[in-house]
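This report concerns only the one structure given below.
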Amino acid sequence: MPKVMLTVSGKEAELHSLKRSDCVELLGMEKQRAASAAKAARGDDEALSRIVNDEFMSRREACVREMHPELEPWDDLPNRDVLQLINETWLYSLGYPEEEIKNLLRSGGSQPTQTD
């Protein structure tokens, strides 16, 4: 199991893959979120409200939190570490190569870079 070093606290955590059912659910939520974002960009206030109140982020966090009881109390972790673990778990679960995830962390960007 690959390990990730949380950048603020320096804690180490194993990188787990989300369950298939959670990935499918979250991908559906992400697709709906993207559609709402496109509508909101065109001035649709109802779509903007759906983005602000959507469950994608909180559901994704709940899935990752459940996999890491060793990091409790979760609410005491630096927010940057929580976001890092959530994002890296998401990319790992979607099948991004580990090296691309490591490149993402090194670059400080939001999208993984392609490796050959």
Side-chain angles (χ1 to χ4, degrees):
M1 192 76 47
K3 296 197 183 259
V4 60
M5 179 67 71
L6 301 177
T7 55
V8 177
S9 67
K11 292 183 179 184
E12 191 173 78
E14 286 189 353
L15 201 53
H16 300 279
S17 181
L18 296 168
K19 293 185 293 187
R20 174 75 179 148
S21 59
D22 289 335
C23 279
V24 169
E25 177 187 4
L26 287 165
L27 284 168
M29 293 170 90
E30 186 179 50
K31 184 177 179 180
Q32 290 173 341
R33 192 170 202 254
S36 291
K39 289 179 183 176
R42 292 190 301 270
D44 185 327
D45 289 337
E46 185 179 321
L48 180 59
S49 178
R50 281 194 305 272
I51 291 170
V52 171
N53 296 313
D54 82 334
E55 296 180 27
F56 174 72
M57 298 301 281
S58 58
R59 177 72 179 116
R60 203 168 64 145
E61 179 175 347
C63 290
V64 174
R65 183 179 186 164
E66 186 178 296
M67 292 189 291
H68 292 283
E70 77 280 4
L71 294 176
E72 291 293 344
W74 186 262
D75 292 336
D76 290 348
L77 287 172
N79 192 57
R80 192 171 180 96
D81 284 354
V82 170
L83 294 174
Q84 175 191 346
L85 187 57
I86 291 168
N87 289 330
E88 290 184 24
T89 300
W90 180 241
L91 293 173
Y92 183 71
S93 299
L94 294 178
Y96 279 86
E98 290 175 42
E99 192 56 37
E100 287 186 30
I101 296 170
K102 289 176 187 174
N103 285 343
L104 170 64
L105 183 59
R106 284 191 295 263
S107 71
S110 60
Q111 293 295 320
T113 57
Q114 284 290 346
T115 56
D116 294 325

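For reference, positions follow the sequence shown, starting with 1. Fair warning: this is a prediction, and the values are worked out from it, not measured in the lab.
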Checklist entry - Looking at side-chain heavy atoms only, is the closest gap between L85 and R65 below 4.5 Å? => result no
Listing, residues 8-19 side-chain donor-acceptor contacts under 3.5 Å, not counting sequence neighbours, or none:
| unit_1 | atom_1 | unit_2 | atom_2 | d |
| --- | --- | --- | --- | --- |
| S9 | OG | K11 | N | 3.2 |
| S9 | OG | D81 | OD2 | 2.6 |

Checklist entry - Does a sphere of radius 6.0 Å around CD in E30 hold more than 12 heavy atoms from other residues, nucleotides or ligands, not counting ones at 6.0 Å or beyond? => result yes
Checklist outcome for this item: Output for pair (H68 NE2, C63 SG), nearest 0.5 Å, gives 11.5 Å
Next on the checklist: Run the side chain to side chain contact (heavy atoms under 4.5 Å, CB included) test against R50 and tell me which residues pass, sequence neighbours left out.
Outcome noted: S36, K39, E46, A47
Checklist entry - For the residue pair L26 and F56, what are the closest heavy atoms and their distance? => result O-CE1, 3.5 Å
Item to check | Donor-acceptor contact present, side-chain Q84 to main-chain T7, <3.5 Å | outcome: yes
Checklist entry - Which heavy atom of L71 sits nearest a heavy atom of L6, and at what distance? => result CD1-CD1, 4.4 Å
Checklist outcome for this item: Rounded to the nearest 0.5 Å, the CD1 atom of I86 sits from the CE atom of M57 at a distance of 6.5 Å
Item to check | Between OG on residue S93 and CE on residue M67, distance to nearest 0.5 Å | outcome: 6.0 Å
Checklist entry - Does any non-hydrogen side-chain atom of Y92 lie less than 4.5 Å from one of V4? => result no
Checklist entry - Heavy-atom distance under 4.5 Å between the side chains of E25 and M29, does that happen here? => result yes
Item to check | K31 side chain near L27 side chain, heavy-atom distance below 4.5 Å | outcome: no
